[in-house]
Enquirer: 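Please find one structure pasted underneath; my questions will follow.
Only this structure's heavy atoms are used, side chains among them; waters, hydrogens and symmetry mates stay out.
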Amino acid sequence: MVRGIVTTSTADHLTVKTESGEVYQVNVSANTRLSRDRQPVKVVDIKAGDGVGAMGVLDPATKTIHAVFVGVMDAEQVKKAREGMGKVYITGRVTAIDMDALKLTVLRPDGVSQVISVDEQTSFKRGGRNMGVLASGAAVTEIGPVIGRAAGAGAGSGGGSGGESITLADIKVGDAIAGRGALKNGAFVPTELGVSDAASTGRRRRRELDGGSAVTSPAGSATSEKPAATPQQ
């Protein structure tokens with residue numbers, strides 16, 4: 001998997017710069033499936049500034065990926081996603097947990113470490129389709145469409161599309177988390193938080209690669225869910 005921002009686009013490859021500043025070449029062919037907002041696109045439709053997530057066979061030595069699938073997010077979506085990170089949504093990996101203060105320290109995909117708070121209004125889900133994609137460690141180039149679908153479901157209405165209800169005590173350092181919410185008293189407080197551990201993330205990516213499904217295009221329909229879990233100390 002390679003994720004980042006397109007810097008150049010040609011008929012047979014894209015040059016992509018990752019969040020960490022690394023540059024990769026994404027080779028595309030007649031067998032590569034390209035998708036934007038769940039609709040097929042052509043490589044000529046991909047422009048500099050667009051965000052992409054490419055899956056395929058990676059050659060680390062040459063920083064080249066021979067892509068079987070490329071999910072595309074347009075430049076405006078990328079801009080909105082960057083502006084909303086840490087303000088209207090959060091995604092990243094848990095590096096510290098303060099159970100007494102009900103706080104988590106999250107290392108975001110953009111390299112920023114942010115302390116977030118949870119409260120009695122925060123629900124926790126392990127798995128689920130929308131939040132599962134976010135909690136897989138997806139970079140900012142992938143989260144815009146998913147956040148939009150989750151937010152469109154409305155608070156408490158099941159934007160996570162399934163998943164197991166858990167509590168704060170079930171979250172561990174190293175877990176990937178993601179969720180939408182808002183700033184309260186200067187701290188980001190999620191209304192719902194999706195959680196994924198490394199093992200489930202690996203299984204999900206293998207299923208995506210085997211099935212050719214879009215990392216940017218999970219099903220967006222809401223489902224009924226259990227009542228929100230209360231943070232426990």
Side-chain angles (χ1 to χ4, degrees), residues 1 3 53 85-86 88-109 113-140 142-143 145-182 188-211 213-233:
M1 171 68 73
R3 308 181 182 96
M85 174 75 83
V88 297
Y89 74 92
I90 190 72
T91 181
R93 291 198 174 272
V94 177
T95 58
I97 302 173
D98 186 337
M99 295 294 290
D100 293 329
L102 299 179
K103 294 181 183 294
L104 302 171
T105 303
V106 179
L107 180 61
R108 301 176 349 192
S113 184
Q114 180 173 350
V115 177
I116 68 171
S117 298
V118 298
D119 60 19
E120 67 278 359
Q121 301 300 317
T122 304
S123 65
F124 301 88
K125 294 285 183 179
R126 188 176 299 280
R129 287 174 292 195
N130 283 339
M131 289 302 154
V133 169
L134 295 179
S136 71
V140 69
E142 292 189 22
I143 51 73
V146 183
I147 282 290
R149 283 189 288 271
S157 67
S161 296
E164 173 192 3
S165 291
I166 61 174
T167 69
L168 177 61
D170 296 310
I171 300 177
K172 309 299 181 186
V173 170
D175 283 351
I177 60 95
R180 58 190 178 89
F188 177 80
V189 180
T191 55
E192 56 188 7
L193 203 61
V195 183
S196 177
D197 58 28
S200 61
T201 297
R203 288 193 297 270
R204 183 187 67 83
R205 285 183 177 170
R206 284 193 293 273
R207 287 195 300 270
E208 287 169 349
L209 192 56
D210 292 341
S213 61
V215 293
T216 55
S217 306
S221 59
T223 60
S224 59
E225 296 185 315
K226 301 176 183 177
T230 302
Q232 297 185 7
Q233 302 184 39

Enquirer: Just wondering, do Ser123 and Thr191 contact through their side chains at under 4.5 Å, heavy atoms?
Expert: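 No; the side chains remain at least 4.5 Å from each other.
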Enquirer: Using the side-chain contact (heavy atoms from CB on, under 4.5 Å) rule, take Thr122 and Leu102 through it: C-alpha gap first, then chi angles, then the decisive distance, then the call.
Expert: CA-CA 11 Å; Thr122 304; Leu102 299 179; over 6 Å; no
Enquirer: Which heavy atom of Phe188 sits nearest to which heavy atom of Arg180, and what is that distance?
Expert: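 Smallest interatomic distance, heavy atoms only, reads CZ-C, 3.8 Å.
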Enquirer: Where is the tightest heavy-atom contact between Pro109 and Met85, given as atom of each residue plus distance?
Expert: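 Heavy-atom minimum between the residues: CD-CE, 3.8 Å.
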Enquirer: Under the side-chain contact (heavy atoms from CB on, under 4.5 Å) criterion, do Leu168 and Leu193 qualify, and how do the steps go?
Expert: CA-CA 10 Å; Leu168 177 61; Leu193 203 61; over 6 Å; no
Enquirer: Looking at Ser113, is its backbone amide N or carbonyl O close enough to the side chain of Thr105 to form a donor-acceptor pair, meaning the two atoms are under 3.5 Å apart?
Expert: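 No, the answer is negative, given that no donor and acceptor are paired below the 3.5 Å cut-off.
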Enquirer: Could I get the full list of side-chain hydrogen bond (donor to acceptor under 3.5 Å, both in side chains) partners for Asp98, not counting sequence neighbours?
Expert: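 Listed in chain order: nothing, the list is empty.
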Enquirer: Do Ser165 and Lys125 come within less than 4.5 Å of each other through their side chains, counting heavy atoms only?
Expert: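 Yes - at least one pair of side-chain heavy atoms lies under 4.5 Å apart.
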Enquirer: Ignoring hydrogens and geometry, is there a side-chain-to-backbone donor-acceptor pair from Arg93 to Gly174 under 3.5 Å?
Expert: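 Checking the backbone N and O of Gly174 against the side chain of Arg93, a donor-acceptor pair under 3.5 Å is found.
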Enquirer: Give me the one residue out of Asp175, Ile90, Thr91 that meets side-chain contact (heavy atoms from CB on, under 4.5 Å) with Val106.
Expert: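 That would be Ile90.
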Enquirer: State, to 0.1 Å, how close Ser117 and Lys103 come at their nearest heavy-atom pair, and which atoms those are.
Expert: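 Smallest heavy-atom distance, with atoms named: OG-NZ, 2.9 Å.
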Enquirer: Dump the intermediate steps for side-chain contact (heavy atoms from CB on, under 4.5 Å) on Asp170 and Val195, then the final yes or no.
Expert: CA-CA 9 Å; Asp170 296 310; Val195 183; over 6 Å; no
Enquirer: Between Ser196 and Arg126, does the side-chain contact (heavy atoms from CB on, under 4.5 Å) criterion hold? Intermediate values first, please.
Expert: CA-CA 6 Å; Ser196 177; Arg126 188 176 299 280; over 6 Å; no
